[in-house]
Amino acid sequence: LNAGDFVINRRLQLGLQLCGDGRAEGKVMAGFLNKNVNPMKSKWTECQETIGKAIIQVGTEILEENLHIECLLSPLGDDGRRALDVASDTRWDKRGSGRKYDSLSGCSVAFGLRSELPIAIEAMSSVCIKCNKGHEHDPDVCPKNYVGSAKGMEAAGAAKIVSRLFGNLQDKCYIKQLVTDDDSSVRKILTHSLQELLGASRMTMDDWPRYKNGGKKPDNGLLPILHN
């Protein structure tokens, strides 16, 4: 293996990626095949970034196609946008527990319930090794795009997906119904502010949710009004 064997090098990296492995495992495999105990040397990262950009591009195109299919299967809302029914959840790269969430990265995924296809992905990371070391690198492959707690990733990812889908210019749509787990932070960030709805004449005081004793429930919504 050397810098000139582009096809075999990229196949090696893709295979290792599918197995969740990296350069250290690549050295072992290449060594057992009597190829090289240090495959590609200084070209490893460059090749890896090239593959990563291609994967991101293909993934983006697939998500756009899936969203178009989901919109074709969904009814029109009152404002002329497609009203989507979506299921969403978030995973952390490091497993959390009911008491401890300290993963440095995670990913939110949204599926269209009519097409049963993924229509949006938000990958999040709070660290970048090259940024930490002060190394210059292509911003397109810099993973650091999140600031906050690991527990907050679920709400942040859901909010970004909702806003991105609404802002899509090719397939105008919005999420009418969302199926997700009972996470209070997600519920809060994806709920409109009642006071803002009142100010925009989208509801009246009679519509304000109330307790059994007649008292008003708190206004915890954080989602801005996206519809005109």
Test Cys128 against His137 for side-chain contact (heavy atoms from CB on, under 4.5 Å), laying out the working first.
CA-CA 10 Å; Cys128 172; His137 58 289; 3.6 Å; yes

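- Note that Lys216 lies outside the cation-pi zone of Tyr211, set by a 6.0 Å cut-off to the ring centre and a 45° limit from the axis.
- Remark: the backbone N or O of Pro118 is paired with a side-chain donor or acceptor of Asn66 at under 3.5 angstrom.
- How far CG of Leu76 is from SG of Cys173: 11.5 Å, rounded to the nearest 0.5 Å.
- Looking at Glu122 and Met124, their side chains come closer than 4.5 Å, going by heavy atoms from C-beta outward.
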Verdict with supporting geometry, Asp207 and Leu197, side-chain contact (heavy atoms from CB on, under 4.5 Å)
CA-CA 10 Å; Asp207 299 321; Leu197 291 175; over 6 Å; no

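- Arg82 places no side-chain N or O within donor-acceptor distance of the main-chain N or O of Pro75, the cut-off being under 3.5 Å.
- For Lys27, there are no salt bridge (Lys or Arg N to Asp or Glu O under 4.0 Å) partners two or more places apart in sequence or in a different chain.
- The side-chain heavy atoms of Leu67 and Leu84, taken from C-beta on, include a pair separated by under 4.5 Å.
- Considering CD1 of Ile55 and OG1 of Thr60, their distance stands at 11.5 Å, rounded to 0.5 Å.
- Note on Asp85 versus Arg114: salt bridge recorded, some NZ/NE/NH1/NH2 to OD/OE distance being below 4.0 Å.
- Between the side chains of Ser108 and Thr90, at least one donor N or O lies within less than 3.5 Å of an accepting N or O.
- Looking at Glu70 and Phe111, their side chains never come closer than 4.5 Å, going by heavy atoms from C-beta outward.
- Using a 4.5 Å heavy-atom cutoff, the side chains of Ile121 and Cys107 are in contact.
- Within 6.0 Å of NZ on Lys144 lie no more than 12 heavy atoms contributed by other residues, nucleotides or ligands.
- For the pair Leu194 and Met203, the minimum side-chain heavy-atom distance is below 4.5 Å.
- Rounding to the nearest 0.5 Å places CG of Leu12 at 11.0 Å from CZ of Arg23.
- Ile129 and Val127 are members of different hydrophobic clusters when ILVMFWY side chains are connected at heavy-atom separations under 4.5 Å.
- When side chains are defined from C-beta on, Leu104 does not count as touching Ser125, because their heavy atoms never get closer than 4.5 Å.
- Checked against side-chain contact (heavy atoms from CB on, under 4.5 Å), Glu49 has the following partners two or more places apart in sequence or in another chain: Thr45, Lys130, Val141.
- Separation of atoms CD (Glu65) and CD (Glu61) is listed at 7.0 Å; rounding is to 0.5 Å.
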Evaluate the criterion side-chain contact (heavy atoms from CB on, under 4.5 Å) for residue pair Tyr174 and Val162; output intermediate values, then yes/no.
CA-CA 7 Å; Tyr174 71 97; Val162 168; over 6 Å; no

Can you list the steps and then say if Val179 with Val86 is a side-chain contact (heavy atoms from CB on, under 4.5 Å)?
CA-CA 6 Å; Val179 180; Val86 174; over 6 Å; no

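- Heavy atoms of other residues, nucleotides or ligands lying less than 6.0 angstrom from CG of Asp78 number 12 at most.
- Leu16 and Gly22 make their closest contact through CD1-O, 3.4 Å (heavy atoms, listed as atom of the first residue, atom of the second, distance).
- Taking hydrophobic clusters as Ile, Leu, Val, Met, Phe, Trp and Tyr residues chained together by side-chain heavy-atom distances below 4.5 Å, Trp92 shares a cluster with Tyr146.
- Residue Ser163 holds its OG atom at 12.5 Å from CG of Asn168, rounded to the nearest 0.5 Å.
- Within the model, atoms OG of Ser88 and CD1 of Ile161 stand 5.0 Å from one another, a figure rounded to the nearest 0.5 Å.
- Contact of the Lys172 side chain with the Phe166 side chain is not registered, since no non-hydrogen atoms from C-beta on lie closer than 4.5 Å.
- Under the 4.5 Å side-chain contact rule for hydrophobic residues, Leu14 and Val7 do not share a cluster.
- Between Asp93 and Ser105, the side chains place a donor N or O and an acceptor N or O closer than 3.5 Å (distance only, hydrogens not considered).
- At least one donor-acceptor pair under 3.5 Å links the side chain of Asn145 to the backbone N or O of Ala123.
- Note: the hydrophobic cluster containing Leu117 does not contain Leu63 (ILVMFWY, side chain heavy atoms under 4.5 Å, direct or indirect links).
- Cluster annotation: Met29 and Trp44 are assigned to the same hydrophobic cluster (Ile/Leu/Val/Met/Phe/Trp/Tyr, side-chain heavy-atom contacts under 4.5 Å, transitive).
- Inter-residue side-chain proximity for Val109 and Arg91 is flagged as unmet; no heavy-atom pair is nearer than 4.5 Å.
- Asp138 has a carboxylate O that lies under 4.0 Å from a charged side-chain N of Lys53, or vice versa, which qualifies the two as a salt bridge.
- Across every non-hydrogen atom of Ala120 and Leu165, the tightest pair is CB-CD2, 4.3 Å.
- Ionic pairing of Asp102 and Lys94 is present here: one or more N-O contacts between side-chain nitrogen and carboxylate oxygen are shorter than 4.0 angstrom.
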